[in-house]
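What you see is a predicted model; the values in this text were computed from it and never measured.
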Amino acid sequence: QVQLVESGGGLVQAGGSLRLSCAASGRTLSFYVMGWFRQAPGKEREFVAAISWRGTSTYYADSVKGRFTISRDDAKNTVYLQMNSLKPEDTAVYYCAAGGQISYHDTDFGSWGQGTQVTVSS
């Protein structure tokens, strides 16, 4: 099974940018569909973005479309989430996940990182 470690979270002002990274070990990421999810305090975990094998297709939640970009570098075994024009409502713990098919549902992803905190101040 693949092990995932997120990094790049932090505190940023509204309108700012962050880039999250998800580094994999144990197996090559090229075998997996990759996703980003987030969970805010008191809320359920929600889908943010996903990317297909070889990065040919990407999918986004409506709330982040046009502001966030998911990408992958299989040579580096890393997936990224570029987040621009951040809003206070983007504040959450962000998780990357690996799965076998494109899905908006966290139950379809079998491997998860520990999460990285993103806090957007107003």
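The pair D90-K87 does not meet the salt-bridge criterion, since no charged nitrogen lies less than 4.0 angstrom from a carboxylate oxygen.
A continuous path of ILVMFWY side-chain contacts below 4.5 Å connects Y32 to V79, so both sit in one hydrophobic cluster. By the rule that hydrophobic residues join a cluster once side-chain heavy atoms approach within less than 4.5 Å of another member, V64 and V12 end up as members of one cluster. Put simply, L81 and V118 are part of the same group of oily side chains (I, L, V, M, F, W, Y) that touch within less than 4.5 Å, one to the next. V33 and V48 are assigned to two separate hydrophobic clusters, defined by single-linkage of ILVMFWY side chains at heavy-atom distances under 4.5 Å. By the criterion of side-chain heavy atoms lying less than 4.5 angstrom apart, applied directly or through intervening Ile, Leu, Val, Met, Phe, Trp or Tyr residues, F109 is not grouped with V2; the two fall into different hydrophobic clusters.
Here D74 pairs with L29, S30, R72 under the side chain to side chain contact (heavy atoms under 4.5 Å, CB included) rule; sequence neighbours left out. Taking W112 as the reference, F37 meet the ring pair (Phe, Tyr, Trp, His ring centres under 6.0 Å) condition, with sequence neighbours excluded. K43 meets the salt bridge (charged side-chain N to carboxylate O under 4.0 Å, His left out) test with no other residue; sequence neighbours excluded. Residues satisfying the side chain to side chain donor-acceptor pair (under 3.5 Å) test with Y94, not counting sequence neighbours, are R38.
Put simply, the side chain of Q3 gets close to the backbone of Q1: a donor and an acceptor are under 3.5 Å apart. Remark: side-chain polar atoms of T91 are not paired, donor with acceptor, to backbone N or O of T119 under 3.5 angstrom. A distance-only check finds a donor-acceptor pair linking the side chain of T78 to the backbone of K76 [under 3.5 Å].
Side-chain contact check for L20 versus Y95: every heavy-atom pair is 4.5 Å or farther apart. Side-chain contact check for Q117 versus L11: every heavy-atom pair is 4.5 Å or farther apart. With contacts defined as side-chain heavy-atom distances shorter than 4.5 Å, the pair Q114/E6 qualifies.
Smallest separation of non-hydrogen atoms from A14 and S122: CB-CA, 4.4 Å. When all heavy atoms are compared, the tightest approach of I51 to S71 is CD1-CA, 3.7 Å. Here the shortest heavy-atom pairing between A92 and A40 reads CB-N, 3.8 Å. Considering every non-hydrogen atom in both S103 and D108, the closest pair reads OG-OD2, 2.5 Å.
For the atom pair OG of S85 and CZ of R67, the computed distance is 7.0 Å after rounding to the nearest 0.5 Å. Atoms CG and OG, on L4 and S111 in that order, are 6.0 Å from each other to the nearest 0.5 Å.
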For residues 53-60, tabulate all N or O donor-acceptor pairs below 3.5 Å that involve a side-chain atom, not counting sequence neighbours.
{"residue": "W53", "atom": "NE1", "partner": "F31", "partner atom": "O", "Å": "2.9"}
{"residue": "T56", "atom": "OG1", "partner": "S52", "partner atom": "OG", "Å": "3.1"}
{"residue": "Y60", "atom": "OH", "partner": "I70", "partner atom": "N", "Å": "2.9"}

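Sequence neighbours left out, the pairs with a member in residues 7-21 that pass side-chain hydrogen bond (donor to acceptor under 3.5 Å, both in side chains) are S17-N84.
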